[in-house]
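Only heavy atoms go into these numbers, but all of them, side chains included; no hydrogens, no water, no symmetry mates. Counting from 1, the numbers follow the sequence of the chain as shown. Just so it is clear, the model here is predicted, and its values are computed rather than measured.
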Amino acid sequence: MAWRDSLPPVRGKLLRDEPLGPFTWFRVGGAADVLFIPADADDLADFLKALEPAVPVTVLGVGSNVIVRDGGVEGVVIRLAGRPFAGIVTDGDTITAGAGALDAMVARASARAGLAGLEFYAGIPGTIGGALTMNAGCYGAETKDILVSARGLTRAGQWVDYALADFGYTYRHSEAPADIIWIEAVYRGSPDAPEAVAARIAEITARRETTQPIREKTGGSTFKNPPGHSSWRLVDAAGWRGKPFGGAKFSELHSNFMINFNDATAADIEGLGNAVREDVQSKLNVNLEWEIKRIGRPL
């Protein structure tokens, strides 16, 4: 990895062979060849412009919906952390949020501003950047319902602006190029009483706490819901709720959530998901698609 000896100068942090497990909710996975935590968007843009084009770049948010494989991640992993990437500003009926802002914090900001429509973000344990990438949603609402536009950087460090229509959103999918690093998004809400919005957020939060294993080492919803099916029902029907696979299993509380319950490896967790996919296909003739992103090299 000779490229690591000639990295561009930065104002943020460049960390070589940095373990990524601590940055993920599953708490598993190998190291990044290089982890870059930029000081701000300009620092990131300058770095991308100067970085050798052949070096792979991967963005990691709060790691709530990702499996980092045990062999680590090739190239540069970028983490948008800190205030420069997590700002939230309201103006009239719009909210501008940094890609590193937690979805739940954006929901709470919408309540303070008296804007309805973003309440469902309180039920998504990720960041705005991830929400843009996968059209994140829950409880009958999706990112496409509230997004106005977004701004990001290409792999070459060039700024790009996307309107909602440019994303080509479908269920948990975007047509935007996968290598765009989103920096901020603009949302539009509908005026409503702050206390009414806050009450709906409290209801979503309470529902999530009683139906999902949020205090476990988990990664959120494992599979997308196939047309006409609920993934958790399919996992149940195939007999996988609570069944151990190495140190991993599907939660007894919600069987579309995998948990690391006994020092699982990334291979345990991904292997469990693949075993269930194969079993559901064999027994029920339904194809389960991953919702969790898997990145990096297996050992």
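In this structure, CD1 on Ile37 lies 12.5 Å from CG on Leu44, to the nearest 0.5 angstrom. In this structure, OG in Ser110 is found 12.5 Å from CG in Asp93, a value given to the nearest 0.5 Å. With rounding to the nearest 0.5 angstrom, the CD atom of Gln212 is 8.0 Å from the CG atom of Leu253. Separation of atoms CD (Glu216) and CZ (Phe261) is listed at 10.5 Å; rounding is to 0.5 Å. Note: Ile183 CD1 to Asp161 CG = 11.5 Å, rounded to the nearest 0.5 Å. A distance of 8.5 Å separates CE in Met258 from CD in Glu270, rounded to the nearest 0.5 Å.
No donor-acceptor distance shorter than 3.5 angstrom exists from the side chain of Arg27 to the backbone of Lys217, with no hydrogens or angles considered. Judged purely by atom type and a 3.5 angstrom limit, Asp33 uses its side chain to pair as donor or acceptor with the backbone of Gly75. Asp166 contributes no side-chain N or O that, together with a main-chain N or O of Ala176, makes up a donor-acceptor pair within less than 3.5 Å. A side-chain donor-acceptor contact under 3.5 Å links Arg294 to the backbone of Ile292. Between the Arg241 side chain and the Glu252 main chain, a donor and an acceptor come within less than 3.5 Å of each other. When atom types are taken as modelled, the side chain of Arg79 and the backbone of Gly61 share a donor-acceptor pair closer than 3.5 angstrom. Listed for the Ser64 side chain is a donor-acceptor partner under 3.5 Å among the backbone atoms of Pro125. The closest donor-acceptor contact from the side chain of Asp268 to the backbone of Thr265 lies under 3.5 Å. Side chain of Ser255 to backbone of Phe250: no donor-acceptor contact under 3.5 angstrom is found. Between the Thr218 side chain and the Ile214 main chain, no donor and acceptor come within less than 3.5 Å of each other.
In this structure the side chain of Thr222 never reaches within 4.5 angstrom of the side chain of Ser231, judged on heavy atoms. A heavy-atom distance below 4.5 Å is not found between the side chains of Leu7 and Phe36. No side-chain heavy atom of Leu234 sits less than 4.5 Å from a side-chain heavy atom of Phe223. Side-chain contact between His229 and Asn225: absent, with no pair of heavy atoms (C-beta onward) separated by less than 4.5 Å. Between Phe23 and Val77, the closest side-chain pair of non-hydrogen atoms is not below 4.5 Å. For the pair Asn65/Met134, a side-chain contact is recorded, criterion being any heavy-atom separation below 4.5 Å from C-beta on. Looking at Leu132 and Tyr162, their side chains never come closer than 4.5 Å, going by heavy atoms from C-beta outward.
Contact check on Arg297 versus Glu74 returns no salt bridge, with no Lys/Arg side-chain nitrogen under 4.0 Å from an Asp/Glu carboxylate oxygen. In this structure, Arg11 does not pair ionically with Asp46, as no charged nitrogen and carboxylate oxygen lie closer than 4.0 Å. Under a 4.0 Å N-O distance rule, the pair Arg200/Asp192 qualifies as a salt bridge.
Among all heavy-atom pairs drawn from Leu288 and Lys224, the shortest one is CD2-O, 4.3 Å. Nearest heavy-atom pair, Ala107 versus Glu119, reported as atom, atom and distance to 0.1 Å: CB-O, 4.1 Å. The two atoms that bring Asn135 and Arg172 nearest to each other are O-NH1, 3.4 Å, heavy atoms only. Smallest separation of non-hydrogen atoms from Lys49 and Gln158: CE-NE2, 3.9 Å. Scanning both residues, Pro8 and Leu51, for their nearest heavy atoms gives CG-N, 3.8 Å. Of all heavy-atom pairs between Pro194 and Gly114, the closest is CG-CA, 3.9 Å.
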**Request:** Give the intermediate values and the outcome of side-chain contact (heavy atoms from CB on, under 4.5 Å) for residues Arg4 and Leu14.
**Result:** CA-CA 10 Å; Arg4 295 203 304 179; Leu14 281 173; over 6 Å; no
**Request:** Determine, step by step, whether Tyr121 and Thr143 satisfy the side-chain contact (heavy atoms from CB on, under 4.5 Å) criterion, reporting the C-alpha distance in whole Å, the side-chain angles of both residues, the deciding distance to 0.1 Å, and the verdict.
**Result:** CA-CA 9 Å; Tyr121 263 11; Thr143 295; 2.9 Å; yes
**Residue pair Arg108, Arg112: steps toward the side-chain contact (heavy atoms from CB on, under 4.5 Å) verdict** = CA-CA 6 Å; Arg108 294 187 187 108; Arg112 292 192 296 272; 4.0 Å; yes
**Request:** Kindly determine whether Ile181 and Val57 satisfy side-chain contact (heavy atoms from CB on, under 4.5 Å), including the steps that lead there.
**Result:** CA-CA 10 Å; Ile181 301 172; Val57 170; 4.2 Å; yes
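Under the 4.5 Å side-chain heavy-atom criterion for grouping Ile, Leu, Val, Met, Phe, Trp and Tyr, Leu118 is connected to Phe167 within one hydrophobic cluster. Clustering ILVMFWY residues whenever any of their side-chain heavy atoms sit less than 4.5 angstrom apart, transitively, puts Val10 in the very cluster that holds Trp3. Leu80 and Leu35 are not part of a single hydrophobic cluster, where members link through side-chain heavy atoms under 4.5 Å apart. Cluster membership for Ile204 and Val106, using ILVMFWY side-chain heavy atoms within less than 4.5 angstrom, is not shared. Taking hydrophobic clusters as Ile, Leu, Val, Met, Phe, Trp and Tyr residues chained together by side-chain heavy-atom distances below 4.5 Å, Leu102 does not share a cluster with Ile201.
A side chain to side chain contact (heavy atoms under 4.5 Å, CB included) with Arg188 is found for exactly one of Leu164, Leu115, Asp145, Val148, namely Val148. Checking each of Trp182, Tyr187, Phe85 against Ile128 for a side chain to side chain contact (heavy atoms under 4.5 Å, CB included) leaves exactly one that passes, namely Tyr187.
Ring planes of Trp232 and His254: perpendicular class, angle over 60° (limits at 30 and 60°). Using cut-offs of 30° and 60° on the angle between ring planes, the pair Phe245 and Trp240 is tilted.
Summarising the local packing, NZ of Lys283 is surrounded by more than 12 heavy atoms from other residues, nucleotides or ligands at distances under 6.0 Å. No more than 12 heavy-atom neighbours from other residues, nucleotides or ligands sit within 6.0 angstrom of CD on Glu203. No more than 12 heavy atoms of other residues, nucleotides or ligands lie within 6.0 Å of CG in Asp91, so this atom counts as exposed by the packing criterion.
Side chains of Asn274 and Trp290: a donor-acceptor N/O pair is present below 3.5 angstrom, by distance only.
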